[in-house]
Amino acid sequence: MSQSPEPSAGSPGVSGGARQLLGMKGAAGTSNIWKIRLQLMKPVTWIPLIWGVICGAAASGNFHWTLPEVGASVACMLMSGPLLAGYTQTINDYYDREIDAINEPYRPIPSGAIPLGQVRLQIVVLLLAGLAVAWGLDVWAGHSTPVLLLLALGGSFVSYIYSAPPLKLKQNGWLGNYALGASYIALPWWAGQALFGQLTWTTALLTLAYSLAGLGIAVVNDFKSVEGDRALGLQSLPVVFGVQRASWISAGMIDLFQLAMVAVLIAIGQHFAAVLLVLLIIPQITFQDIWLLRDPVAFDVKYQASAQPFLVLGMLVTALAIGHSDLTPIAALTAPLP
Ligand SMILES: C/C(=C\COP(=O)(O)OP(=O)(O)O)CCC[C@H](C)CCC[C@H](C)CCCC(C)C
């Protein structure tokens with residue numbers, strides 16, 4: 001059960017062993033089954049989910065730094081990141097094993113590092129654990145409708161149809177990437193907001209619009225696998241539009257829908273947050289100019305590493321502003337009367 005290392009490097013400055021544990025490109029080989037399991041769960045992809053929960057808690061306008069609430073938020077992050085994102089990534093690698101044999105043959109499944117039965121067991125355990133934690137959080141929050149459990153069920157269903165046939169949403173560049181963007185931005189936000197406050201239709205729709213910027217980010221993930229995607233008939237945006245035009249679509253979506261949030265912040269009277277968000281969009285446009293639009297195949301990882309922190313900070317700024325605005329029931333109730 002040996003696993004061959006990936007020949008090409010991922011992001012600089014991270015050792016092969018660390019990449020292996022984080023599930024990043026450029027991982028070193030290992031025969032330790034627990035390290036391989038962790039690699040399948042791709043810890044590096046948990047971060048946006050965990051961050052989304054923080055944004056949701058901020059947008060609830062009702063998070064307090066008390067031990068029970070910090071504990072509940074950590075449990076919600078555990079559910080969203082290690083358990084459900086871990087489940088998502090494992091199921092994705094399971095159903096992608098043929099395409100990965102072309103694009104990334106060093107991954108645990110195509111390299112034969114872990115038997116398929118063990119992968120199936122991992123999928124079931126992670127899913128059940130994620131659903132159990134979601135249900136426990138509903139009990140803790142005293143929800144009459146088990147919102148967290150419903151979100152977790154919805155998210156795991158989307159994960160399944162994203163990767164598994166017959167739907168395999170990832171085959172369609174628009175649908176698949178929107179499912180990915182919405183699941184990474186809107187779903188954990190909704191979970192955090194529902195856990196501490198109340199999820200409203202307005203914030204639900206706003207986060208779905210924000211997720212269109214997530215679609216743009218998801219496209220960046222497709223540049224590395226154009227060859228294999230084309231060979232297997234996957235309609236990713238770089239395959240359909242070509243690498244250069246897809247990079248413009250990606251950058252356009254990322255910028256346009258963040259700017260749409262700036263407009264929303266202005267409309268709800270959160271002017272300081274609107275200015276901050278603009279200041280956070282500017283470096284992203286700069287990195288698009290020097291990395292993404294120049295050579296997205298060579299610089300995809302560099303672009304993500306440089307621009308992503310600004311995008312996620314912008315999400316937090318937006319969430320905090322929403323949490324302090326009339327869009328949030330609690331903030332609206334406690335706002336001074338005119
Ligand atoms: C598997 C995912 C991306 C990888 O896609 P792809 O195969 O194109 O790329 P690689 O070649 O790099 O493997 C992510 C898919 C996300 C999915 C649609 C939904 C995720 C759901 C959440 C984890 C559920 C969270 C629910 C919670 C917050 C209530």
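Note that the structure is a prediction, hence the values are computed from the model and not measured. Atoms within each ligand, like the ligands themselves, are counted from 1 in listed order.
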Undergrad: Looking at Asp96 and Lys168, does any basic side-chain N land under 4.0 Å from a carboxylate oxygen?
TA: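 Yes, Asp96 and Lys168 are salt-bridged.
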Undergrad: Tell me, which pairs form a side chain to side chain donor-acceptor pair (under 3.5 Å) where one or both residues lie in residues 268-285, sequence neighbours left out?
TA: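 For residues 268-285: Gln258-Gln284.
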Undergrad: Write out each pair where an N or O from ligand 1 and one from the protein are under 3.5 Å apart, with the distance.
TA:
unit_1	atom_1	unit_2	atom_2	d
ligand 1	5 (O)	Tyr162	OH	2.9
ligand 1	7 (O)	Asn92	OD1	3.0
ligand 1	7 (O)	Asn92	ND2	3.1
ligand 1	7 (O)	Asp96	OD2	3.1
ligand 1	7 (O)	Lys170	NZ	2.7
ligand 1	8 (O)	Tyr162	OH	3.3
ligand 1	9 (O)	Asn221	ND2	3.2
ligand 1	12 (O)	Arg107	NH2	3.3
ligand 1	12 (O)	Lys224	NZ	3.1
ligand 1	13 (O)	Lys42	NZ	3.4
ligand 1	13 (O)	Asn92	OD1	2.9
ligand 1	13 (O)	Arg107	NH1	3.2

Undergrad: Tell me, please, whether Trp248 has Arg245 positioned over its six-membered ring: NZ or CZ under 6.0 Å from the ring centre and within 45 degrees of its axis?
TA: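 No cation-pi geometry.
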Undergrad: One thing to verify: whether Arg107 and Asp100 come together as a salt bridge, which I'm taking to mean a side-chain N less than 4.0 angstrom from a carboxylate O.
TA: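 Arg107 and Asp100: salt-bridged.
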Undergrad: Tell me every residue that passes side chain to side chain donor-acceptor pair (under 3.5 Å) with Trp135, counting only those two or more places apart in sequence or in another chain.
TA: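 With sequence neighbours excluded, Trp135 shows a side chain to side chain donor-acceptor pair (under 3.5 Å) to no residue whatsoever.
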Undergrad: Just distance, no hydrogens or angles: give the donor-acceptor pairs under 3.5 Å from side chains in residues 46-56, sequence neighbours left out.
TA:
unit_1	atom_1	unit_2	atom_2	d
Trp46	NE1	Met41	O	2.8
Trp51	NE1	Val312	O	2.8

